[in-house]
Undergrad: 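This structure is in structure tokens; I'll ask about it shortly.
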Number of protein chains: 2
Amino acid sequence: MRYRLKGRVWIESDEGTFLGFGRVVLLERIRDHGSISAAARSMNMSYRHAWKLVDSMHRQSATPLVETTTGGKKGGGATLTKAGHNAIACFWQAYKHHKQYLSDQTAPLELLK
Amino acid sequence: MRYRLKGRVWIESDEGTFLGFGRVVLLERIRDHGSISAAARSMNMSYRHAWKLVDSMHRQSATPLVETTTGGKKGGGATLTKAGHNAIACFWQAYKHHKQYLSDQTAPLELLK
DNA sequence: AAGCGTTATGCTATGGAAAACATAACGCTT
DNA sequence: AAGCGTTATGTTTTCCATAGCATAACGCTT
């Protein structure tokens with residue numbers, strides 16, 4: 001039987017989860033689609049849930065990651081702030097580094113025979 | 001706001017999760033209490049669930065980690081095999097190493113300001 | 001003024017994982 | 001032979017995270 005070391009990483013503050021895989025993908029979708037609702041639709045997530053995630057991130061960040069507008073020609077929308085782009089980059093760096101770590105640490109599992 | 005890198009690790013086979021934190025604690029409790037049911041009680045877990053976890057581990061291991069007996073003076077019981085003890089040690093090693101990794105990798109999160 | 005797509009937010013429904021319950025068999029003890 | 005605590009396993013119930021629905025407000029367009 002072949003074993004692999006698997007794992008997850010996320011970034012927490014005292015209030016709970018700040019950034020995780022799903023949250024960061026959501027931020028990317030908001031960046032790419034220009035609205036929370038289009039982002040949610042693109043990943044089969046309810047708008048309600050997507051909004052709550054953004055809200056949760058904002059309650060844990062000194063500066064907002066997403067700026068929203070209501071009304072207007074397109075009904076409104078959302079764009080990422082500098083801090084939003086930074087959060088994406090920062091998480092993916094930790095994520096990729098961790099992925100490599102897991103891969104490297106799979107070898108010692110040979111002890112399980 | 002202070003951020004920390006958090007994470008989980010577990011060991012998978014092609015069939016799914018083989019060893020994780022809860023499973024290994026369960027193995028330790030079985031070792032310490034001498035039965036699956038006492039182990040489950042000691043950690044507020046239903047016997048049904050504990051048994052399923054042991055069953056899942058066995059379906060993923062060439063050699064069993066737990067040996068059980070039914071009947072007898074104490075009604076039966078369970079003891080760890082050599083492979084069972086080995087699994088515990090192997091997981092904790094990976095777990096502790098990973099814990100150190102997370103701690104080390106928290107510094108770069110300063111980028112989030 | 002009416003209509004649209006969006007943000008924002010409360011309330012309800014649902015589905016899957018875990019708990020809880022139920023039963024049978026086992027083999028010592030009394 | 002009856003009783004006990006255990007393993008083993010099927011069935012039902014509970015709980016909670018997420019989805020889903022419903023509504024209001026916003027500000028362009030027509």
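Here is the naming used below: chain letters follow the sequence lines, and residue numbers restart at 1 for every chain.
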Undergrad: Are Phe21(A) and Trp92(A) near enough that their ring centres are under 6.0 Å apart?
TA: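 Yes - the distance between ring centres of Phe21(A) and Trp92(A) falls below the 6.0 Å cut-off.
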
Undergrad: Evaluate the ring planes of His98(A) and Tyr101(B), with Trp represented by its six-membered ring, and classify them as parallel (under 30°), tilted (30 to 60°) or perpendicular (over 60°).
TA: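 His98(A) vs Tyr101(B) ring planes: tilted.
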
Undergrad: Using heavy atoms and a sub-4.0 Å distance, could you list which residues of residues 15-44 of chain B are near DNA chain D? By number, please.
TA: Ser35(B), Ile36(B), Ser37(B), Arg41(B)

Undergrad: Just wondering, are more than 12 heavy atoms of other shown residues or ligands nearer than 6.0 Å to NE2 in His58(A)?
TA: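 Count over threshold, so yes.
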
Undergrad: Hey, does Thr63(B) have a side-chain heavy atom less than 4.5 Å from the side chain of Thr81(B)?
TA: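 Heavy-atom side-chain distance check fails, nothing below 4.5 Å.
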
Undergrad: Could you identify which residues of residues 45-58 of chain B place a heavy atom less than 4.0 Å from some atom of DNA chain D, listed by residue number, or say none?
TA: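 Per residue number, the list reads Tyr47(B), Arg48(B), Trp51(B).
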
Undergrad: I'd like a table of donor-acceptor pairs (distance under 3.5 Å, sequence neighbours excluded) in which one partner is a side-chain atom from residues 103-111 of chain A, with atom names and distances.
TA:
{"unit_1": "Asp104(A)", "atom_1": "OD1", "unit_2": "Gln100(A)", "atom_2": "NE2", "d": "2.9"}
{"unit_1": "Thr106(A)", "atom_1": "OG1", "unit_2": "Leu5(A)", "atom_2": "N", "d": "3.3"}
{"unit_1": "Thr106(A)", "atom_1": "OG1", "unit_2": "Leu102(A)", "atom_2": "O", "d": "3.0"}

Undergrad: Would a 4.5 Å heavy-atom cut-off, applied to side chains only, mark Ile88(B) and Arg31(B) as touching?
TA: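 Yes, their side chains come closer than 4.5 Å.
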
Undergrad: Heavy atoms, side chains only, cut-off 4.5 Å: are Ser56(A) and Gln60(A) in contact?
TA: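 When only atoms from C-beta onward are counted, Gln60(A) and Ser56(A) do touch, with a gap below 4.5 Å.
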
Undergrad: Roughly how far apart are Glu15(B) CD and Thr17(B) OG1, rounded to 0.5 Å?
TA: 11.5 Å

Undergrad: So Leu27(A) and Arg23(A), do their side chains get closer than 4.5 Å, heavy atoms only?
TA: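 SC-SC contact between Arg23(A) and Leu27(A) ruled out.
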
Undergrad: Indicate yes or no: at least one non-hydrogen side-chain atom of Phe18(A) is less than 4.5 angstrom from one of Leu112(B).
TA: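 With C-beta onward as the side chain, the pair touches.
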
Undergrad: If you write DNA chain D from 5' to 3' in dot-bracket form, with Watson-Crick or G-U pairs under 3.5 Å, [ ] for crossing pairs and | for pairs with another strand, what do you get?
TA: ||||||||||||||||||||||||||||||

Undergrad: With heavy-atom distances below 4.5 Å as the criterion, would you say the side chains of Leu65(A) and Ile30(A) are in contact?
TA: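 Sidechains of Ile30(A) and Leu65(A): no contact.
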
Undergrad: For nucleotides 12-17 of chain C, give me one character per nucleotide, 5' to 3': B if any protein heavy atom sits under 4.0 Å from the base, S if the only such contacts are to the sugar-phosphate, - if neither.
TA: ------

Undergrad: Would the number of heavy atoms belonging to other residues, nucleotides or ligands and lying under 6.0 Å from NE2 of His85(A) be above 12?
TA: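 It does: His85(A) NE2 has more than 12 such atoms within range.
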
Undergrad: At under 4.0 Å between heavy atoms, how does the protein contact nucleotides 25-30 of chain C? Give one character per nucleotide, 5' to 3', with B, S or -.
TA: -BBS--

Undergrad: Between His33(B) and Ala78(B), is there a donor-acceptor pair closer than 3.5 Å when you use the side chain of the first and the backbone of the second?
TA: no

Undergrad: Side-chain contact test, heavy atoms from C-beta onward, threshold under 4.5 Å: evaluate it for Val66(A) versus Leu80(A) and give yes or no.
TA: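 Yes, close enough: below the 4.5 Å cut-off.
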
